[in-house]
Amino acid sequence: MNTIDDLSFLAENTSSLRDLGLTLTILIQPECVVAKCFTNKNIFAYRDSNFDNQEWLPKTLLASSATKVTGYELTDTTTEAEMAKIGRKFTNLLQIEDLILRTEKGENTGLITNGCANIFFLQVVASVFMVLAYRNDDRWLVSLHRFNARLEWDAESRFFSPSNLSS
């Protein structure tokens, strides 16, 4: 299952995830220095200290290729395992930061800014994490958590999944 059509089919058949009908392209991102991600104080009010936990993340993440991203709205309480059935993983924090910065510039990225969660999977070697981005008032709060298949997320949150442009 490698194509966006396959992901859309799965999303349509996962009742608690509604495809936003929006596909974005993130250009090639350079090697990511983790300590520099989500640090612009004009945009980010909170950056979780887990990003600096070197037992979880290395100091740098590899550059990423151009990527298409699809968004989904959670229409009911949804587990991370359900999202994993349709979702692929980001590999570079700059991909996620790019979507937030584009949202701040007024682009319709599908990210919500009403205090509900924007959820992203992040693959780092053999580990999977959840990056959560919330926008409260005028700035973003970003946190990092280990993937937990049984953890549930509320309806109205959004989940974003990448796929390679060559898929």
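Since the structure is predicted, the reported quantities are computational estimates derived from the model, not experimental observations. We use all heavy atoms of the structure for the numbers below, so side chains are in, but hydrogens, waters and symmetry mates are not.
- Contact detail for Cys32 and Cys37: the closest heavy-atom pair is SG-SG, 3.1 Å.
- Between Asn40 and Leu101, the closest side-chain pair of non-hydrogen atoms is not below 4.5 Å.
- With contacts defined as side-chain heavy-atom distances shorter than 4.5 Å, the pair Asp98/Gln95 does not qualify.
- Taking each heavy atom of Ala117 and Ile112 in turn, the nearest pair found is O-CD1, 3.8 Å.
- Not a single donor-acceptor pair under 3.5 Å links the side chain of Asn50 to the backbone N or O of Asp52.
- Side-chain contact between Leu61 and Val34: present, with at least one pair of heavy atoms (C-beta onward) separated by less than 4.5 Å.
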- [ ] Evaluate the side chain to side chain contact (heavy atoms under 4.5 Å, CB included) criterion for residues Thr67 and Gln29: first the C-alpha distance (whole Å), next the side-chain angles of each, then the deciding distance (0.1 Å), finally the verdict.
- [x] CA-CA 9 Å; Thr67 304; Gln29 296 297 318; over 6 Å; no

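- Inter-residue side-chain proximity for Ile100 and Phe38 is flagged as met; some heavy-atom pair is nearer than 4.5 Å.
- Between Ala66 and Ile28, the shortest heavy-atom contact is N-CG1, 3.6 Å.
- In this structure, the side chain of Arg158 engages the main chain of Gly110 through a donor-acceptor pair within 3.5 Å.
- Taking OG of Ser65 as the start and CG of Leu27 as the end, the distance is 11.0 Å to the nearest 0.5 Å.
- Of the possible donor and acceptor atoms, one in the side chain of Gln123 sits under 3.5 Å from a partner among the backbone N and O of Val125.
- Shown here is Leu22, whose CG atom has more than 12 heavy atoms of other residues, nucleotides or ligands within 6.0 Å.
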Task: Leu151/His145 under side chain to side chain contact (heavy atoms under 4.5 Å, CB included): CA gap, chis, key distance, verdict - done: CA-CA 11 Å; Leu151 190 61; His145 306 272; over 6 Å; no

TODO: Would you check, one step at a time, whether the test side chain to side chain contact (heavy atoms under 4.5 Å, CB included) holds for Leu57 with Leu144?
DONE: CA-CA 10 Å; Leu57 299 181; Leu144 179 74; 3.5 Å; yes

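- Side-chain atoms of Asn118 never come within 3.5 Å of backbone atoms of Leu111 as a donor-acceptor pair (strictly under, hydrogens ignored).
- To the nearest 0.5 Å, the span separating OH on Tyr134 from CD1 on Ile119 amounts to 7.0 Å.
- Between Phe120 and Phe160, the angle of the ring planes stays under 30°, which puts this pair in the parallel group of the 30/60° scheme.
- To the nearest 0.5 angstrom, Lys36 atom NZ is 10.5 Å from Leu94 atom CG.
- For the atom pair CD of Glu97 and CD of Glu104, the computed distance is 11.5 Å after rounding to the nearest 0.5 Å.
- How far CD of Glu152 is from CD of Glu82: 8.0 Å, rounded to the nearest 0.5 Å.
- The two residues Phe44 and Arg139 have their closest heavy-atom pair at O-NH1, 4.0 Å.
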Task: side chain to side chain contact (heavy atoms under 4.5 Å, CB included) between Val142 and Leu132, intermediate numbers included - done: CA-CA 6 Å; Val142 185; Leu132 308 173; over 6 Å; no

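- The side-chain heavy atoms of Leu74 and Leu17, taken from C-beta on, include a pair separated by under 4.5 Å.
- In this structure, the side chains of Phe90 and Val131 stay at 4.5 Å or more apart for every pair of heavy atoms.
- Between the side chain of Glu73 and the main chain of Arg18, no donor-acceptor pair closer than 3.5 Å is present.
- Between the side chain of Arg135 and the backbone N or O of Asp137, at least one donor-acceptor pair lies under 3.5 Å.
- Around the CD atom of Glu31, the shell of radius 6.0 Å holds more than 12 heavy atoms that belong to other residues, nucleotides or ligands.
- Placement of Ile86 and Met130 within a single hydrophobic cluster is found when ILVMFWY residues are connected by side-chain heavy-atom separations under 4.5 Å, directly or transitively.
- Listed for the Thr78 side chain is no donor-acceptor partner under 3.5 Å among the backbone atoms of Trp153.
- Residues Glu80 and Phe121 share a closest heavy-atom pair of O-CZ, 3.8 Å.
- Counting heavy atoms from C-beta on, the side chains of Phe147 and Leu122 never come closer than 4.5 Å.
- Residues Cys116 and Glu156 come closest through the heavy atom pair CB-O, 3.9 Å.
- Contact of the Trp56 side chain with the Val124 side chain is not registered, since no non-hydrogen atoms from C-beta on lie closer than 4.5 Å.
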Open item on the list: One pair to check against side chain to side chain donor-acceptor pair (under 3.5 Å): Thr91 and Ser64. What are the steps and the verdict?
Closed with: CA-CA 7 Å; Thr91 58; Ser64 59; 5.0 Å; no

